[in-house]
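It should be emphasised that the depicted structure is a prediction, and the values quoted were computed from it without experimental measurement.
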Amino acid sequence: MRKTLTLLTALALTVSLLAGCGAKGGAENQAEGTKAPAESAAEQTAETGSSISGEAARKEPSTEDSADMAPAKELLENSLPESNSYGTQVRVTALKGPTAMGMVPMMESVTGTSNGQNTYTYTITPSVDAVTPALVQGETDIAAVPANLASVLYNNTKGQVQVLAINTLGVLYIAESGESVQSVSDLKGKTIYASGKGASPEYALNYILSANGIDPEKDVTIEWKAEHSECVAALSSQEGGIAMLPQPFVTTAQAKNEKLRIALDLTEEWDKAQEGSETPSAMLTGVVVVRTQFAQKHPEAVNAFLDSYKASVEYANANVEETAELIEAHDIVPAPVARKALPACNIVFIEGDEMKEKLSGYLNVLYEQNPKAVGGQLPGEDFYYSR
């Protein structure tokens with residue numbers, strides 16, 4: 001017991017990172033990376049409630065809502081592959097935000113047990129603090145987590161976690177209440193409001209600034225805030241304010257401040273900085289991981305999950321209106337926010353060699369800035385799941 005508690009404590013202290021962005025008080029706080037895990041978890045539980053499992057993950061629709069969503073459900077059933085016949089119970093956990101958005105079509109179509117099909121149990125939680133112990137203690141089999149947390153878990157459990165696929169590229173943007181920023185070079189000499197110091201947002205911003213000849217320590221002033229709402233308040237209180245914000249929080253903020261505009265997509269800027277690089281990478285937010293023991297025991301079930309998840313992501317990106325309604329039904333973010341934010345959340349499904357190339361390069365960028373960000377060392381070859 002003491003050994004388990006020590007491991008969980010080490011993980012909790014290590015994991016201050018970008019967890020993807022959901023409702024305020026949920027994954028939003030994880031993106032900040034500034035609050036102690038115990039404190040943030042307590043606040044999130046008080047504000048958004050405990051994790052949501054299985055059928056309880058969705059709000060009960062009214063008769064009218066059910067009628068409106070019927071066409072979407074029919075499309076879902078036709079677009080997703082049939083569940084496999086291996087009869088395996090698969091417990092899946094996702095964070096409230098982009099890492100769960102691409103999974104909601106699958107949650108609607110591939111659930112329960114029928115004719116020996118897999119049984120899927122879904123949990124949507126507002127805090128990454130709940131995901132770590134669930135994986136370590138074997139209470140969940142597959143989880144959507146922040147990209148660098150996957151590496152931290154792998155290192156701290158000595159290879160008991162593998163990454164299945166990349167599910168979310170970068171969700172960070174430079175927003176401003178003005179027109180002064182048209183390129184990264186325009187940030188020189190400016191003040192940037194941001195949250196996530198000591199976590200993935202800081203490392204990503206530093207990398208992009210440095211790649212464009214801007215010294216993060218000397219050429220810009222970065223004012224680190226505890227919450228995204230503080231950044232938005234700073235933008236609203238001054239003309240020409242600049243902040244780094246994640247989706248879908250950017251969309252939420254724009255709804256409250258019509259002067260706010262997206263000046264830079266940091267995922268695009270990362271790609272520009274990578275041009276000609278010998279070690280190509282991508283700016284990442286989330287991945288899907290599996291317990292190594294589960295993958296070794298049930299490879300067919302894992303591969304069937306990946307097939308369904310890939311179809312789910314494709315459906316989510318191709319059917320924004322229907323998916324936005326499902327996202328609201330699962331209490332992730334309101335449908336109007338999801339409708340506008342989905343195209344900017346960079347939800348993807350990347351596996352195999354491409355996953356390995358992009359993820360290993362991203363982890364290397366973080367490792368060069370702070371080895372603790374990836375668990376002290378880069379993961380080995382067995383970290384990357386291959387069918």
Report yes or no: do [X] and [Y] form a side-chain donor-acceptor pair below 3.5 Å?
X    : Y    : value
Y120 : D141 : no
Y362 : N148 : no
S281 : Q274 : yes
T125 : S127 : no
T93  : T140 : yes

Quick one: [atom1] on [X] to [atom2] on [Y], what's the gap to the nearest 0.5 Å?
X    : Y    : atom1 : atom2 : answer
L359 : S151 : CG    : OG    : 8.0 Å
H228 : S195 : NE2   : OG    : 4.0 Å
S360 : L378 : OG    : CG    : 8.5 Å
L266 : D271 : CG    : CG    : 11.0 Å
C231 : I192 : SG    : CD1   : 11.0 Å
L153 : L149 : CG    : CG    : 4.0 Å

Is a side-chain N or O of [X] found less than 3.5 angstrom from the main chain of [Y], in a donor-acceptor match?
X    : Y    : answer
K96  : D331 : yes
N319 : A316 : no
E202 : G198 : yes
N317 : V348 : no
N212 : I214 : no
S210 : N206 : yes

Could you check whether any side-chain heavy atom of [X] comes within less than 4.5 Å of a side-chain heavy atom of [Y], counting everything from C-beta outward?
X    : Y    : result
E258 : Q254 : no
L366 : S200 : yes
L164 : Y309 : no
V288 : V163 : no
V289 : Y385 : no
L363 : P379 : yes
Q377 : N155 : yes
V313 : M106 : no

Please name the pair of heavy atoms, one in [X] and one in [Y], separated by the smallest distance, quoted to 0.1 Å.
X    : Y    : result
A373 : Y203 : CB-CE1, 3.4 Å
A194 : I222 : CB-CG2, 4.4 Å
V152 : G375 : CG2-N, 3.6 Å
A143 : V131 : CB-CG1, 3.9 Å
L284 : A147 : CB-CB, 4.1 Å
T251 : V337 : CG2-O, 3.9 Å

Open item on the list: Tell me whether D215 is salt-bridged to K188, with the criterion being a basic N under 4.0 Å from an acidic carboxylate O.
Closed with: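 Between K188 and D215 there is no salt bridge, as every charged N stays at least 4.0 Å from the carboxylate O atoms.
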
Task: Ionic contact status for R261 with E176, cut-off 4.0 Å - done: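 The answer is yes: the pair qualifies as a salt bridge.
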
Open item on the list: Is there a side chain to side chain contact (heavy atoms under 4.5 Å, CB included) between Q162 and R291? Walk through the geometry before answering.
Closed with: CA-CA 6 Å; Q162 291 180 290; R291 289 189 298 110; over 6 Å; no

Qualifying residue, where the test is side chain to side chain contact (heavy atoms under 4.5 Å, CB included) with [X] and the options are [options]:
X    : options                : result
I332 : V104, L95, T99         : V104
V333 : M101, E328, R339, Q247 : M101
E269 : L209, L205, I208       : I208

For the residue pair [X] and [Y], does the interplanar ring angle fall in the parallel (under 30°), tilted (30 to 60°) or perpendicular (over 60°) class?
X    : Y    : value
F383 : Y154 : perpendicular
W270 : Y207 : tilted
H298 : F294 : tilted

Answer yes or no: are there more than 12 heavy-atom neighbours, outside [X] itself, under 6.0 Å from its atom [atom1]?
X    : atom1 : value
E223 : CD    : yes
Q182 : CD    : yes
K190 : NZ    : yes

Task: Working for side chain to side chain contact (heavy atoms under 4.5 Å, CB included), residues T121 and Q89 - done: CA-CA 8 Å; T121 301; Q89 180 178 357; 4.2 Å; yes

Open item on the list: Applying side chain to side chain contact (heavy atoms under 4.5 Å, CB included) to Y193 and L245, what does each step give before you reach the verdict?
Closed with: CA-CA 9 Å; Y193 300 101; L245 294 169; over 6 Å; no

Task: Test log, rule side chain to side chain contact (heavy atoms under 4.5 Å, CB included), inputs D219 and L187 - done: CA-CA 9 Å; D219 297 332; L187 293 174; over 6 Å; no

